[in-house]
Amino acid sequence: MHGEYKVPGGKLVVVDVDVVDGLLRGPRVSGDFFLEPDEALEAVNAVLEGLPAGLEAKEIGARVQGGLPPGTVMLGITAEAVGIAVRRAVSRASDWRDHEWRLIHTEPQGPALHMALDQVLAEEVGAGRRPPTLRVWEWASPAVVIGSFQSLRNEVDGEAAERHGVEVVRRISGGGAMFIEPGNTITYSLYAPETLVAGMSFAESYAFLDDWVLGALGEMGVRAWYQPLNDITSDQGKIAGAAQKRLASGAVLHHVTMAYDIDAGKMLQVLRIGREKLSDKGIASAKKRVDPLRRQTGLAREEIIDRMIGHFRDRYGLLDDRLGEDELRLADKYVADKFTAPEWIGRVP
């Protein structure tokens, strides 16, 4: 069995191992990490030998940490990363390059249709009718997108939203509210089989699925990192927030909204929670809190998107694609039956 795990901001950890009678046998850890002293690698393999194959990554990591020689230095690798790589090997996880990734980047679409497309494309990937896909969104109109479990009245000032022409929609994933204006955000979704994140907890999979974005931002001069549970940030402030949904069909939906140039004043009028969190700090603090990519990169939004797509393509492979007629037809049905229905939008009043 073979498992790989790229430590976010670190190095690749690879584990090859057999399972005999429910126990790990013949483990071999390797990778491009740094480890001193040399004997530490054999110590790691010795700890793994004979462990129950069903142990979780954290428990494996604790055993590895406890078995390291005194004074061991680990760079680009952690004991828990070894545990994750073991779990991915035992779970027969897939790697990014095991899949033929597709790109969908179409004309601007309405907020409700974006919500519907997320569900449709995730279902299609889960059913095996569509390859794993990266979709970059373009927004046709302003919106507030609330999480699946958020209270509508607690999150959104309905009168202010109507006054500013902001449509309120609810997505199928959890997490917090997003304030959207066309041209001011960069939003993307990943639709992948669960095998890609096999052996990982929800928290671990967030950072894993967005590691490519950190690489793309680094190429644009932005030193960014993942801040648990679901934020991408830099020393100049928060850049993005992520949300995730695991579908019963066996697919993972992972989507991210990145701030390019946010109208903080309007955002505070429309979002109640944001207003309360920032009321004692003022709009200037809000602008700092949602730190625009425009300021950090000096690049046009379109160029940032092109560079992100290019980085993903170089790293994992990516073929241009389009939405199928059946997918669009089903998405339109979901818009009418679900995503514009008051029962869905107000499911948590």
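The structure presented is a predicted model; accordingly, all values stated were derived computationally and were not measured. Positions are given from 1, in the same order as the sequence printed here.
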Chemist: Using side-chain heavy atoms (C-beta onward) and a distance below 4.5 Å, is R63 in contact with L55?
Modeler: yes

Chemist: Should R25 and D18 count as an ion pair when the cut-off is N to O under 4.0 Å?
Modeler: no

Chemist: Output yes when E138 and R301 qualify as a salt bridge under the 4.0 Å nitrogen-oxygen rule, no when they do not.
Modeler: yes

Chemist: Quick check on the hydrophobic clustering: are M200 and L229 connected, directly or via other members, by side-chain heavy-atom contacts under 4.5 Å?
Modeler: yes

Chemist: Identify whether L323 and W137 are in the same connected component of the hydrophobic contact network (ILVMFWY, side-chain heavy atoms under 4.5 Å).
Modeler: yes

Chemist: Linking I/L/V/M/F/W/Y whenever any side-chain heavy atoms sit under 4.5 Å apart, do L214 and V222 land together?
Modeler: yes

Chemist: Does any donor atom in the side chain of H254 or D210 lie under 3.5 Å from an acceptor atom in the other side chain?
Modeler: yes

Chemist: Testing V86, D16, N45 one by one against V29 for a side chain to side chain contact (heavy atoms under 4.5 Å, CB included), which residue passes?
Modeler: N45

Chemist: Does a donor on one side chain and an acceptor on the other come within less than 3.5 Å for Q296 and S234?
Modeler: yes

Chemist: Return yes if a side-chain donor-acceptor contact under 3.5 Å exists between Y226 and D231, otherwise no.
Modeler: no

Chemist: Between Y188 and W212, is the gap from one ring center to the other below 6.0 Å?
Modeler: yes

Chemist: Do R307 and T297 have side-chain atoms, one donor and one acceptor, less than 3.5 Å apart?
Modeler: no

Chemist: Using distance alone, with no hydrogens and no angle criterion, decide if S173 and H255 have a side-chain donor and acceptor under 3.5 Å apart.
Modeler: yes

Chemist: So which heavy atom on V335 is nearest to which on A112, and how close?
Modeler: CG2-O, 3.7 Å

Chemist: Do the side chains of R129 and E124 get close enough for a salt bridge, i.e. N-O under 4.0 angstrom?
Modeler: yes

Chemist: Are R130 and E123 close enough for a salt bridge, meaning some N to O gap below 4.0 Å?
Modeler: no

Chemist: When you look at NZ of K338, are more than 12 heavy atoms from neighbouring residues, nucleotides or ligands closer to it than 6.0 Å?
Modeler: yes

Chemist: With a 3.5 Å cut-off and no angle check, do the side chains of R246 and Q244 form a donor-acceptor pair?
Modeler: yes

Chemist: State yes or no: are the ring centers of F208 and W96 separated by less than 6.0 Å?
Modeler: yes

Chemist: Please answer: with hydrophobic residues joined when any side-chain heavy atoms are less than 4.5 Å apart, are V7 and L12 in the same cluster?
Modeler: no

Chemist: Under a single-linkage definition using a 4.5 Å side-chain heavy-atom cutoff for Ile, Leu, Val, Met, Phe, Trp and Tyr, are L51 and I84 assigned to the same hydrophobic cluster?
Modeler: yes

Chemist: For a quick check under 3.5 Å, do W139 and T187 share a side-chain donor-acceptor pair by atom type?
Modeler: yes

Chemist: Charged N to carboxylate O below 4.0 Å: is that the case for D118 and R135?
Modeler: yes

